[in-house]
Each structure stands twice: as C-alpha cells, then as structure tokens.
Amino acid sequence: MLLRQIIAYFPTDNTEYQVRGHVKALDGVRGLAVLMVLFSHFLLPEFMPDAAWARLVGGGWLGVDLFFVLSGFLITGILLDARNKPKYWSNFYRRRILRIFPLYYFCVLVVWFTVVFVEHAPDRLQHYDSMIWFLAFMPNVAMALKTTWIYQSDYFGLNHMWSLAVEEQFYMVWPLVVWLVPPRYLAILCVLIIHFSTSFRHWTDDAFHQTWSMASYVLPYCRLDGLAAGAFLAIYFRMGWAKYIPYNRWLVRILILWMA
C-alpha cells in the first residue's frame with residue numbers, strides 16, 4: 001500500500017519528453033565545476049593567509065560532485081531520448097568510446113612511458129600501483145584496496161582518474177537500467193539511491209574500520225547520489241512534471257534538503 005502511494009506521487013505524463021538538444025546553461029555549470037576543482041588543487045593554504053578563504057577554496061572538491069550530477073543528467077537524458085530507438089546500445093557506447101578512450105589511454109601511455117624510460121623506475125608499477133588498474137578503468141578500486149592514493153610518477157599524477165572511472169562504471173550499468181525500468185519507476189529508484197547513498201558510505205567505512213575511508217570516497221556505489229540526482233532531474237524535465245505546481249516545487253525543495 002505504501003509503495004503504491006509513493007508511486008502515485010510520480011504522475012505518468014503521456015506528452016512527449018519536454019527537453020532535448022544542447023542546454024547552453026549547463027556549459028556554465030560545467031565551467032563552475034572545473035573552476036571549483038582547479039581552485040581546490042592549485043590555491044594551496046600556504047598562499048592564502050586567511051583561514052576562512054582557505055577553507056572555502058578547499059571545499060572546491062564539491063565540484064566533483066557537481067560533475068557527477070551533470071553527468072547523471074546528461075547521460076540519463078541521452079538514454080531516455082534513445083530508449084525506444086534502434087541501435088540504442090551501439091550508438092551510446094560508440095559515442096562514449098570515441099569521446100573518452102583516445103585521450104584517456106594517451107594519458108596512461110604517457111605516464112607509463114615516463115616511469116619506465118625517463119624515471120627508470122618500473123618497479124613502482126606493481127600491485128595497487130600497477131597500470132593494469134587504469135587499463136581496466138578501475139583505479140578507484142585500487143585506491144580503495146590500497147586505502148590511499150596510488151603512485152606512479154614524480155612528474156605526472158593519475159589519481160584524478162578515479163572520478164572518470166566511477167563514470168565509466170556507471171556507463172556500464174545505467175543504460176540497462178534505463179532500458180528496463182519505465183521513467184516513472186526510474187525516478188523512484190533515483191530517490192531511493194539518493195536516500196541510501198550516505199548509508200552506503202557509512203557501511204563502507206565500517207567495513208574498512210575507519211571513520212573516513214578512501215573506499216567510501218572513490219567506490220562507485222558510494223558516489224551514486226550525485227549521479228542519481230542528475231538522473232532524477234533529467235526524468236523530471238523530460239516527463240513534463242514541472243507543470244505540476246505547487247506539488248513539484250515542494251518535491252524539489254525536499255530533495256535538495258535530503259541531498260544536503
């Protein structure tokens with residue numbers, strides 16, 4: 001009975017999906033996320049005598065979460081638009097491969113070449129620091145198992161690739177979910193994922209016997225709340241639910257407080 005009542009709050013709209021094409025405002029969101037991450041990495045505390053400003057800039061890591069929300073929104077929107085079209089799978093994965101693989105593997109190759117032929121330190125590339133984790137798009141798993149950042153080169157770092165690995169792992173599963181689950185039920189699933197993500201992180205910390213663990217920061221199931229929030233927004237706008245006022249206004253406010 002409770003599940004039926006919850007489902008009833010997500011109306012079925014028979015109109016065509018409402019949002020398509022390039023949304024220019026999202027370019028600004030992407031730029032903001034980039035600046036937040038860059039500031040947090042390059043404006044170090046020693047260059048900022050004001051502690052309050054240092055804490056503010058240090059919070060730029062939230063730009064990564066903003067990227068996840070944006071990715072969840074864009075990818076889910078692409079999948080919803082193509083859900084009933086031929087070549088649903090091939091078109092999606094072909095575009096992802098062409099967009100990501102060339103530059104990603106070029107960076108990995110450069111670091112491997114530098115470590116082996118410039119730094120003459122191939123012994124570094126062992127265990128959790130092995131390049132195999134990167135070749136398999138699983139550096140975040142290596143970081144979780146190592147319980148700290150991985151290390152290869154004194155000149156180049158690849159630790160930032162963990163977030164791209166999370167997105168690639170998301171791409172492996174989410175197209176199937178979108179294809180199988182009707183949009184209304186998919187929205188409910190997104191809300192449930194957002195709700196339980198904090199618990200996933202706590203459970204992971206407990207499993208590693210730490211108050212805060214690297215695993216809870218980089219493993220994909222611990223970062224699903226941002227991706228699910230973006231996915232929910234894609235469904236919200238494409239299903240035309242924005243016209244249900246004031247119901248949706250309060251729903252969005254509740255979700256924002258929930259995610260905070």
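Numbers for residues simply follow the sequence, beginning at 1.
- P122 is not listed as a side-chain neighbour of V115, based on a closest heavy-atom distance of 4.5 Å or more.
- Summarising the local packing, CG of L135 is surrounded by more than 12 heavy atoms from other residues, nucleotides or ligands at distances under 6.0 Å.
- When all heavy atoms of K87 and S90 are compared, the closest pair comes out as CB-OG, 3.3 Å.
- The CG atom of L233 sits 9.5 Å away from atom OG1 of T76, with the distance rounded to the nearest 0.5 Å.
- Within the model, atoms CG of L145 and CH2 of W133 stand 5.5 Å from one another, a figure rounded to the nearest 0.5 Å.
- Closest approach of L219 to A144, counting heavy atoms only: CD2-CB, 3.7 Å.
- Atoms CG and CD1, on L224 and I193 in that order, are 5.5 Å from each other to the nearest 0.5 Å.
- In this structure, W179 contributes its side chain and L79 its backbone to no donor-acceptor pair below 3.5 Å.
- Note: the hydrophobic cluster containing L98 does not contain I78 (ILVMFWY, side chain heavy atoms under 4.5 Å, direct or indirect links).
- Between N140 and M161, every side-chain heavy-atom pair lies at or beyond the 4.5 Å cut-off.
- If you chain together hydrophobic residues whose side chains sit under 4.5 Å apart, I100 and Y105 fall into the same group.
- In this structure, the salt bridge (Lys or Arg N to Asp or Glu O under 4.0 Å) partners of D154, at least two apart in sequence or on a different chain, are R124.
- Note that CG of L227 and OG of S71 are 6.0 Å apart. Values are rounded to the nearest 0.5 Å.
- Under the 3.5 Å distance criterion, the side-chain polar atoms of T114 are matched with a main-chain donor or acceptor of V110.
- The backbone N or O of Y171 sits less than 3.5 Å from a side-chain atom of Y93, completing a donor-acceptor pair.
- Both L158 and Y155 belong to a single network of hydrophobic side chains, linked directly or stepwise wherever heavy atoms of I, L, V, M, F, W or Y lie under 4.5 Å apart.
- Under a 3.5 Å cut-off, the side chain of S216 and the backbone N or O of S213 do form a donor-acceptor pair.
- Inter-residue side-chain proximity for V178 and L186 is flagged as met; some heavy-atom pair is nearer than 4.5 Å.
- Under the 30°/60° scheme for interplanar angles, the aromatic rings of W174 and F170 are found to lie parallel.
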field: Working for side-chain contact (heavy atoms from CB on, under 4.5 Å), residues L125 and V116
entry: CA-CA 9 Å; L125 308 181; V116 175; 4.2 Å; yes
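- Looking at V108 and M131, their side chains come closer than 4.5 Å, going by heavy atoms from C-beta outward.
- Under the 3.5 Å distance criterion, the side-chain polar atoms of S163 are matched with a main-chain donor or acceptor of H160.
- Among all heavy-atom pairs drawn from L176 and W89, the shortest one is CA-CH2, 3.5 Å.
- The shortest heavy-atom contact between Q210 and M214 is OE1-N, 4.2 Å.
- Smallest separation of non-hydrogen atoms from Q152 and F134: NE2-CE1, 3.4 Å.
- The backbone N or O of Y151 sits less than 3.5 Å from a side-chain atom of D129, completing a donor-acceptor pair.
- In summary, the aromatic rings of Y217 and W162 are positioned with their centroids under 6.0 Å apart.
- One hydrophobic cluster holds both I75 and V191 under the rule that ILVMFWY side chains link at heavy-atom gaps under 4.5 Å.
- Panel note: side chain D225, backbone S197; no donor-acceptor pair is recorded below 3.5 Å.
- Judged by the 6.0 Å distance and 45° axis criteria, R96 is positioned over the aromatic ring of F92.
- The CZ atom of F196 lies 6.5 Å from the CG atom of L192; values are rounded to the nearest 0.5 Å.
- Remark: the Y221 side chain and the T204 side chain contain an N/O donor-acceptor pair separated by less than 3.5 Å.
- The existence of a salt bridge linking D206 and R201 is excluded, since no basic side-chain nitrogen approaches an acidic carboxylate oxygen closer than 4.0 Å.
- Looking at D65 and R223, their side chains come closer than 4.5 Å, going by heavy atoms from C-beta outward.
- A side-chain donor from one of E119 and S153 sits under 3.5 Å from a side-chain acceptor of the other.
- Between F68 atom CZ and L66 atom CG the span is 11.0 Å, to the nearest 0.5 Å.
- The closest side-chain heavy-atom distance from P183 to R83 is below 4.5 Å.
- V141 is not connected to F208 by any chain of hydrophobic side-chain contacts under 4.5 Å among Ile, Leu, Val, Met, Phe, Trp and Tyr, and they are in different clusters.
- The ring of F137 has its center closer than 6.0 angstrom to the ring center of F101.
- In W203, the CH2 atom is crowded: over 12 heavy atoms of neighbouring residues, nucleotides or ligands sit closer than 6.0 Å.
- Between Q169 and P220, the shortest heavy-atom distance links the atoms OE1-CG, 3.1 Å.
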